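What you see is a predicted model, and the numbers here were worked out from it, not measured in a lab.
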Amino acid sequence: CKVSGKCGSVRVRLIPAPRGSGIVASLIPKKLLTMAGVEDVYSSTTGHSRTRGNLAMAVYYALIKTSSFLSPELWTPTHFTPTPQQEHTDFLAKKSVIRN
């Protein structure tokens, strides 16, 4: 998924790249993305990206958005309860003892 971050007038967009592409970005985003463990990504910046602090913070805010994705290993386990129809069927299927 494409993510973006903004700080000041700088907007950074991180776009997934094919494996083996490496990090296609300028010097500051490249350093931050390698420290974050990103291997393959394209980047696009708009605004006054010569302000290094805003550029670095925009990349940081974009990286924060990537951790909000929920991958399957982070899903909470789902415990299913029987439906009312299933409960009624189970109740009728029980062997009842007839007393005389």
Between side-chain atoms of residues 28-39 and protein atoms elsewhere (two or more places apart, or another chain), which donor-acceptor pairs fall under 3.5 Å?
{"residue": "Thr34", "atom": "OG1", "partner": "Lys30", "partner atom": "O", "Å": "3.0"}
{"residue": "Thr34", "atom": "OG1", "partner": "Lys31", "partner atom": "O", "Å": "2.8"}

Please set out all donor-acceptor pairs under 3.5 angstrom arising from side-chain atoms of residues 40-50, sequence neighbours excluded.
{"residue": "Asp40", "atom": "OD1", "partner": "Gly20", "partner atom": "N", "Å": "3.3"}
{"residue": "Asp40", "atom": "OD1", "partner": "Ser21", "partner atom": "N", "Å": "3.4"}
{"residue": "Asp40", "atom": "OD1", "partner": "Gly22", "partner atom": "N", "Å": "2.9"}
{"residue": "Asp40", "atom": "OD2", "partner": "Gly20", "partner atom": "N", "Å": "3.4"}
{"residue": "Ser43", "atom": "OG", "partner": "Val24", "partner atom": "O", "Å": "3.1"}

Notebook entry, point to check: Looking at Ala62 and Val3, what are the two nearest heavy atoms and their distance?
Noted result: O-CG2, 3.7 Å
Item checked: Nearest atoms (heavy-atom pairs only) where Ala58 meets Val12 -> CB-CG2, 3.6 Å
Next item on the list: Tell me, please, which residues at least two apart from Gln86 pass side-chain contact (heavy atoms from CB on, under 4.5 Å).
Entry: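 Scan of Gln86 (side-chain contact (heavy atoms from CB on, under 4.5 Å), adjacent residues dropped) gives Pro82, Thr83, Asp90.
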Checklist line | Side chain to side chain, Leu55 and Ser26, heavy atoms closer than 4.5 Å | finding: yes
Next item on the list: Indicate yes or no for a side-chain donor-acceptor contact from Lys2 to the backbone of Ser4 under 3.5 Å, with no hydrogens or angles considered.
Entry: no
Next item on the list: To the nearest 0.5 angstrom, please state how far the CZ atom of Arg13 sits from the CD1 atom of Ile15.
Entry: 5.0 Å
